[in-house]
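Note sheet for the following structure.
Every chain is numbered from 1, with letters handed out A, B, ... down the list of sequences.
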Amino acid sequence: MQFFYSGLTSGSIYALVAIGFNIIYNTTGLINFAQGEFVVLGGMLMYTTLTILGLPVSVAFLVTFIIMFIVGVVFEKFFLRYVKLKTETNLIAITIALAVIMRGIAMVIWGRDSLAVPPYIEDKTISVIGGSMNSQSILVIIVCFFVAIILSSFFKYTKYGKAFRACYDDQTAATICGINVNMIRMLSFAIASLLGALAGAIIAPITFVTYTDGIMAGLKGFAAAIIGGLGSFWGGLFGGFALGVIEGFFAFVLPSGFKDAFAFIILLLILFIKPTGLFGKKKAVRV
Amino acid sequence: MLKVTSLSVNYGFVNAIRNVSVHIKKGEFVALIGSNGAGKTTLLNSIMGLVPKKDGEIIFKETDISKNPPHSRISYGISLVPEGRRIFPNMTVMENVEMGGYSKKRSEVVSKMDEIFHFFPILQERRTQLAGMLSGGEQQMLAIARALISSPDLLLMDEPSMGLAPLVVKEVYEKLSMLKNMGLTIFLVEQNAMAALKYADRGYVIENGRIIMQGKSDELISDNEIKRAYLGKEYKEKWER
């Protein structure tokens, strides 16, 4: 059972990253390969605000979120919107370039070492059925579910959330309705950036944060999104947890060095067997 | 109410419409007829701002709206029912209608919603269903409802008869003429010339991106050139017999 619990923790992070992928994919049709870099920046900013500046935890989170919101906005507004030839391949390539740039900047600012972020709540071990869990890990899982519920009700019940879904269905029709599609695209990047930062911030006390973490976080989150079905909100959540738990299981029965490989073996299997993912829906076609 | 003056739109190097001028007075029901590719949809889309104009003016209620971004034009009081309906298939009927009122205050939308559902009882029945599950005619009604929720002064309609059974077409047009009687100004674009001219007050004929003829509907219907070009030799349509 122990692997199950540790899987849930890393699964929460994958899930948050996967949801970030899905939000951007739904409104723009793009895969944002810098999603993992958002995670790193979130962790790094928490390090700066908490450890270096010594701000209280709530203020540190606030500052991190505000900066990451701006990063998301700038990302879309300056680097994607003004591209001359807006094919999806071009834009996706730009997200890869930006990922590399962000990784480089993170290295210059924060250096190559792993940075430790102090825990947000008291660090203790809690025994659960069939194993034990760290209080930090429980916090991660709770935050993940909390965010998922808030986001899904945002998309389901609020006017702006519905506007996101309208853009996903038909951008022209959304424009006709008076929805500023460019604004929605920008906000989807901002939300994805926030989600990544949140993931990075809550996991940082457990795993520490290094400037190269973004590669794995991004790829695993992408795998989770594919497993759940690209574009599906609950699919992303489920895919994240499924990936985390399966990974934990293989790390348990096999040398843990193979752990990362399994995430991608699962990714390949899904792509071979069910390319739409477990919960993937085809985009509804106009009759 | 709407005055389009010498409007030209290009797609790349191709002239889609050239020097088109159209005017619509308050309370009128005007039809623009023409064959495939004549530029009908382009004209409507450029009024709504979905395609950029090359030249000309689009004056709506004394303001030139041709430079405003497309999403802001609905707030001037123009609504478009786009070609092929373009409802949001993965959202419920109710959510679709709500989205039409995106630019309005919540309270206005809620009060207008009852009115709309009263006008389209079928949508009331299906309000919690996904819009993609509706039949073509119901989707057309939904698209009209979505356009009406913002209480527009001018309704632009693009090919309401497309892909619909003749009986349903008739139903749609009857709704439109009810709306006209309620004081709505309607500008409609249609390939199905007979249906459009039967209900409209006035008509324009567009060919190869130019307006080639205009006049009262009954004049256009009896014009031999129109008969030949758009109605066919045996121009009575099946649904009329």
Side-chain angles (χ1 to χ4, degrees), chain A residues 22-23 25-29 77 81-82 84-87 152-188 229-236 276-277 279-287, chain B residues 41 44-45 47-51 68-92 94-106 109-110 130-136 138-140 142-143 146-147 149-150 152 156 158 162-164:
Chain A
N22 286 338
I23 288 175
Y25 178 76
N26 278 349
T27 51
T28 63
K77 196 163 171 124
R81 191 173 304 174
Y82 296 114
K84 270 251 169 65
L85 197 59
K86 278 190 192 147
T87 61
S152 76
S153 19
F154 170 72
F155 287 125
K156 200 154 186 187
Y157 301 115
T158 69
K159 182 175 160 183
Y160 294 99
K162 285 176 192 166
F164 272 80
R165 283 162 54 213
C167 284
Y168 166 60
D169 268 4
D170 190 326
Q171 302 208 350
T172 312
T175 310
I176 293 168
C177 290
I179 297 168
N180 186 345
V181 176
N182 279 336
M183 176 71 99
I184 299 287
R185 287 170 75 108
M186 195 175 85
L187 283 180
S188 69
L230 205 53
S232 156
F233 182 85
W234 295 108
T276 50
F279 296 91
K281 47 181 179 185
K282 287 203 189 102
K283 222 172 168 170
V285 197
R286 197 146 65 76
V287 200
Chain B
T41 299
L44 281 201
N45 283 353
I47 294 174
M48 207 59 198
L50 297 175
V51 292
N68 293 75
H71 63 86
S72 73
R73 294 194 192 184
I74 192 170
S75 49
Y76 288 86
I78 312 180
S79 253
L80 170 67
V81 179
E83 188 175 25
R85 308 183 274 273
R86 286 186 167 246
I87 44 125
F88 303 116
N90 296 313
M91 297 173 87
T92 64
M94 189 122 143
E95 285 171 336
N96 264 272
V97 180
E98 262 175 62
M99 278 297 105
Y102 183 80
S103 58
K104 295 277 171 186
K105 281 201 209 80
R106 174 108 201 133
V109 173
V110 171
L130 286 187
M133 302 294 164
L134 301 184
S135 73
E138 288 160 358
Q139 289 189 4
Q140 185 67 63
L142 176 57
R146 186 179 67 184
I149 190 100
S150 62
L156 305 172
D158 202 340
M162 191 168 100
L164 298 183

Salt bridge (charged side-chain N to carboxylate O under 4.0 Å, His left out) filter on A:K84, not counting sequence neighbours, yields none
With sequence neighbours excluded, tell me which residues meet side-chain contact (heavy atoms from CB on, under 4.5 Å) with A:K86.
-> A:R81, A:V83, A:L91
Check whether any side-chain heavy atom of B:N45 sits under 4.5 Å from a side-chain heavy atom of B:L80, and report yes or no.
-> yes
Residue by residue, scan residues 178-188 of chain A and write down, ordered by number, those that have a heavy-atom distance under 4.5 Å to chain B; if none do, write 'none'.
-> A:G178, A:I179, A:N180
Could you look at B:M91 and say if it's the side chain, the backbone, both or neither that has a heavy atom under 4.5 Å from chain A?
-> both
Do A:N22 side-chain atoms and A:S232 backbone N/O form a donor-acceptor pair below 3.5 Å?
-> yes
Does the side chain of B:M99 come within less than 4.5 Å of B:I149's, by heavy atoms?
-> no
Can you name the residues that form a ring-ring contact (aromatic ring centres under 6.0 Å, His included) with A:F155, not counting sequence neighbours?
-> A:F164
